[in-house]
Amino acid sequence: MNIYVINGPNINLLGTREPEIYGKETLKSISKKCIDQGLKDGHDVKFMQSNYEGEIVEWIQNAITEKVDAIVINAAAYTHTSIAIHDALKSYSGFKIELHISNPHLRETFRHVSYISSAVDAIVAGLGPDGYSHVIELLADLQKHYKQKK
Amino acid sequence: MKNNKLLIMNGPGLSDLSNYNERGYGHLTLDIVQKKCAETCKIFGLKMDFRQTDDEAELSRFLKDGIEDFDALIINPAGYSHVSSVDYTIYSSAIKTITRQNKPVIEVHISNIFQQDVENTKPIQVPKCEVGFVSGLGIHSYDLAIRAVNKKLRKN
């Protein structure tokens, strides 16, 4: 499978940004684990991060043209604001999972609204940085389940 | 890690999964879910107690009094506490107690609850507690939760 793992704003600061919420693990370390897990299972994982909303929209559009099998997206703060990312995800017909390191629903009320959740197949949140590799590990099975759904 | 035992609790309405089958999550029964959970637990050498109840009071009581025997909780609250603020209060206080004991808690849902046209469908909010959330992966929601719990228990 070809898999895009897309990360939104401030995720490049992982490890130093509010470690009590997001943990001490850096984005580089998470990226390596995802790619390694993918290699183990025969997936090609592209791990990306951007602080720019438009760039994230373009990556999702690329996933459509490149016929990428699955998108795992942690849109970070754009989760709660971006109709543009919602629309782009709606146009993508592969398997898509919204992921968060913490559980936004247990935090400030402005994080309780997600424009992403209604545009994806599934949501995984609050499992810490390990959430990424758990999702990659299960993706082959998940895609089968998704095909049943279609 | 004391006895490697998970409580997998299923709330009101989950005895009958036929409405999920129409929504494309494959043919599901609670027995099939239980069997899959048992298989995944076995891989990691975990024990589990898989329960379902339609009785909210019974569910709360078990969360409060029964949790002592378990190291982690995976809960599909289903219809639980979407209507009653009393039940919500009991539920959130039970979850707070469990997370304070450093026991991992993960809320799971078979479907993506944000895609449903059902009013009042939302995650059960227990502020400032560490509760994981997995929704929309069908039977794999449980699978992912068990894997995450296993990893957490091995770190503690």
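Residue numbering restarts at 1 for every chain, and letters A, B, ... go by the order of the sequence lines. It should be emphasised that the depicted structure is a prediction, and the values quoted were computed from it without experimental measurement.
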Would you indicate whether A/Q49, at its atom CD, is surrounded by more than 12 heavy atoms from other residues, nucleotides or ligands within a distance under 6.0 Å?
-> yes
For A/L138, is it the side chain, the backbone, both, or neither that has a heavy atom closer than 4.5 Å to a heavy atom of chain B?
-> side chain
Say whether B/V108 and B/I32 are linked into one hydrophobic cluster, either directly or through other cluster members, by side-chain heavy-atom distances under 4.5 angstrom.
-> yes
Should we say atom NZ of B/K47 is surrounded by more than 12 heavy atoms from elsewhere, each under 6.0 Å from it?
-> yes
Supply the atom-to-atom distance A/S133 OG to B/R147 CZ, rounded to the nearest 0.5 angstrom.
-> 11.5 Å
To the nearest 0.5 Å, atom CZ of B/F114 lies from atom CD of A/E98 at 7.5 Å
Which region of A/E137, side chain (C-beta onward) or backbone (N, CA, C, O), has a non-hydrogen atom less than 4.5 Å from a non-hydrogen atom of chain B, or is it both or neither?
-> side chain
For the atom pair CG (B/N112) and CD1 (A/I123), what is the distance rounded to the nearest 0.5 Å?
-> 3.5 Å
Taking 4.0 angstrom as the limit, do B/K155 and A/D130 come out as a salt bridge?
-> yes
Is the number of heavy atoms from other residues, nucleotides or ligands under 6.0 Å of B/F62 CZ greater than 12?
-> yes
Most contact-rich option vs chain B, by heavy-atom pairs under 4.5 angstrom, among A/S102, A/G126, A/S117, is A/S117
Hey, could you give me the CG/NE2 distance between B/N150 and A/H134, rounded to the nearest 0.5 Å?
-> 8.0 Å
Co-membership, hydrophobic cluster, residues A/Y92 and A/Y115, 4.5 Å side-chain | no
Side chain to side chain contact (heavy atoms under 4.5 Å, CB included) between A/L127 and B/V134: does it pass, once the steps are laid out?
-> CA-CA 9 Å; A/L127 305 184; B/V134 182; 4.2 Å; yes
Spatial distance of atom OG (B/S141) from atom CG (A/L142) [nearest 0.5 Å] = 8.5 Å
Tell me, side chain or backbone of A/H112 under 4.5 Å from chain B's heavy atoms, or both, or neither?
-> side chain
The interface call for A/L99 against chain B, heavy-atom contacts under 4.5 Å, is neither
Would you call A/V124 and B/L137 a side-chain contact if the rule is heavy atoms closer than 4.5 Å?
-> yes
Cluster question for you: counting only ILVMFWY and a side-chain heavy-atom cut-off of under 4.5 Å, with indirect links fine, are A/V113 and A/I116 together?
-> no
A/I21 and A/L27: same hydrophobic cluster, using ILVMFWY side-chain contacts below 4.5 Å?
-> yes
Report yes or no: do B/I43 and B/V33 belong to one cluster of Ile/Leu/Val/Met/Phe/Trp/Tyr joined by side chain heavy-atom distances under 4.5 Å?
-> yes
